[in-house]
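Everything on this sheet refers to the single structure shown next.
Chain identifiers are assigned alphabetically (A, B, ...) following the order of the sequence lines, protein sequences preceding nucleic acid strands; residue numbering begins at 1 within each chain. Just the heavy atoms: all of them, side chains too, but no hydrogens, waters or symmetry mates, feed the values below.
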Amino acid sequence: MSTALALQVATFSRSLTARLATVLLVAFPPLMSVGMVALARSADAAGPSAAKLAPYRDGPFGEIVAGLAGQVVSVVALIGVGFAVAWLVGREWADRTVGSLFALPVGRAQIARAKLLVVAAWAAACLTLAVALTAATLAVVDSASLTGAVAAQLARVWLAGLMMAALALPFAWVAVVSKGYLGAAGAIVGVTAASQILAMVGAGAWVPYIAPAMWAGAGGPEEAAAIGPASLVLAVAFAAVATWASVRAFARARLD
Amino acid sequence: MTALELRGAVRAYGGLRALDGLSLAVEPGEIHAIIGLNGAGKTTAMKALVGHTRLDSGEARLLGTPVAAAGPSTLSRLGFVIDQPFGYPELTVRDNIVHAARLHGLARDAATRAASSWIARLELEPWAGRRARGLSLGNRQRLGLACAAAHEPDLLILDEPTNALDPAGVLLLRDVIVAAADRGAGVLVSSHHLDEVSRIAHRITVVHAGRVVGALEPGQADLEHRFFEMVRAWDAGHRDDVLARQEAHA
């Protein structure tokens with residue numbers, strides 16, 4: 001496994017996609033959540049943007065930031081990790097490197113597991129840093145707002161982010177089946193759009209790609225309260241089974 | 001034990017039989033060249049040997065083991081370049097060879113030593129620290145050869161390895177192939193450069209319409225002429241088959 005991991009770490013760490021996704025995952029949550037709420041409460045907010053920022057104008061600063069963080073982290077985890085895994089798997093077809101991975105002593109199942117492990121470890125590190133930076137930024141802007149309740153909400157946001165990252169790993173399956181990263185990129189866009197629609201019609205609790213985001217507060221405190229453990233277990237189970245299917249698909253792919 | 005054996009191999013894509021009962025073998029220490037026109041079945045045969053494609057029927061064996069049952073101990077003795085050579089564009093030439101050697105079973109230190117040795121052997125020193133994406137096609141082909149051979153395999157499968165090589169590269173490749181055979185490795189090589197094949201091969205098999213249609217004697221003069229005579233003679237005797245293949249291609 002160490003051989004397969006070494007190759008994936010080497011390629012992933014040198015990829016532009018990974019670098020851009022790192023910026024998205026680490027910088028976007030603190031900038032968006034703290035920045036948007038701070039902007040909503042500044043005197044500069046005027047015109048059409050003021051209307052959009054209105055929901056963030058009132059209420060305890062820390063709680064509003066933590067709620068918005070749940071929304072932002074859920075989305076960037078799915079999209080950022082999705083694009084990273086789509087690239088790391090789909091590039092083998094796009095760059096025509098997949099042929100050299102056949103008939104090796106290191107099996108393709110090991111190579112696929114190494115790919116997903118590298119993305120999972122990178123995603124966990126990025127999301128941990130993102131939530132830590134959000135808390136730190138909040139403390140710097142308004143230290144009194146970082147209460148125990150806000151810290152607990154940020155911990156929930158972190159967990160939801162990890163779940164959304166796990167749910168992004170199965171885009172590897174789409175990359176294998178579509179023999180490249182474009183199909184997987186399309187699937188990410190499609191799942192994100194479909195999730196928005198299903199959430200609006202109230203079906204979110206039992207849709208794996210929505211439940212963790214709602215639990216993190218993306219739909220407001222009432223919808224977060226409606227998400228029970230069963231919904232989250234279903235989401236994690238879906239991620240586990242679909243990730244297993246991705247490894248299997250990579251290991252069994254042919255180049256006909 | 002043969003280094004490689006393909007027996008009665010059949011592979012059809014829709015109505016086109018890319019392999020139509022093809023059989024061939026490579027003995028240890030032998031350089032076996034297969035020649036044929038585009039679409040003859042050479043690459044498909046090689047792809048079946050490494051699992052890129054499955055056979056509809058027939059048998060493929062690597063170093064005495066059926067391909068489907070070949071485990072790490074067998075596969076660590078195999079090296080191949082088919083279609084696209086190994087080489088991740090974002091990695092340097094040296095890193096690519098080290099990773100390829102490790103994937104073929106060498107320990108980290110041995111892989112590092114092998115990389116240095118093969119960089120020198122294939123005269124890749126000026127580009128050793130450069131990323132593969134910046135290499136010329138010929139140097140990418142040299143890199144691919146180094147990645148396939150750095151672990152000193154007992155069986156080498158090379159599909160059109162001279163395609164993009166300059167004359168200096170062709171000489172280096174010839175040395176690698178001859179040296180591999182001299183130490184006992186079996187080599188299966190396909191090529192359109194019949195003169196080159198004639199110089200180094202112990203056996204030349206003509207593949208046409210997905211099957212073996214004859215053999216040519218290495219070292220003979222005017223190999224191209226003899227090759228085309230053999231192919232035309234087969235076509236003349238199998239007009240129905242030729243028409244069916246033309247329709248399938250269309």
Inset, instruction - Show your reasoning for whether salt bridge (Lys or Arg N to Asp or Glu O under 4.0 Å) applies to B:Asp166 and B:Arg142. - result: CA-CA 10 Å; B:Asp166 60 11; B:Arg142 289 192 200 191; 3.4 Å; yes
Legend entry - Distance under 6.0 Å and angle within 45° of ring axis: B:Arg11 vs B:Tyr13: yes
Inset, instruction - Please state whether the side chain, the backbone, both or neither of A:Leu101 comes within less than 4.5 Å of a heavy atom of chain B. - result: side chain
Legend entry - Among the listed options B:Thr53, B:Leu103, B:Val50, the residue most often paired with chain A at heavy-atom distances under 4.5 Å: B:Leu103
Inset, instruction - Specify which of A:Ile111, A:Asp95, A:Leu255 makes the most heavy-atom pairs with chain B at under 4.5 Å. - result: A:Leu255
Legend entry - Contact origin within B:Arg77 toward chain A - heavy atom pairs under 4.5 Å: neither
Inset, instruction - Please check if atom CZ in A:Arg252 has more than 12 non-hydrogen atoms from other residues, nucleotides or ligands closer than 6.0 Å. - result: no
Legend entry - Close side-chain approach of B:Tyr88 and A:Arg14, heavy atoms under 4.5 Å: no
Legend entry - Contacting moiety of A:Glu92, where chain B heavy atoms sit under 4.5 Å: side chain
Legend entry - Closest-packed option against chain A by number of heavy-atom pairs under 4.5 Å, given B:Ser73, B:Ala70, B:Pro89: B:Pro89
Legend entry - Which portion of B:Ile82 sits near chain A, non-hydrogen atoms under 4.5 angstrom: neither
Inset, instruction - Establish, for the pair A:Arg108 and A:Phe102, whether the NZ or CZ atom is under 6.0 angstrom from the six-membered ring centre and no further than 45 degrees off its axis. - result: yes
Legend entry - Enclosure of B:Arg108 CZ (heavy-atom neighbours >12, cutoff 6.0 Å): no
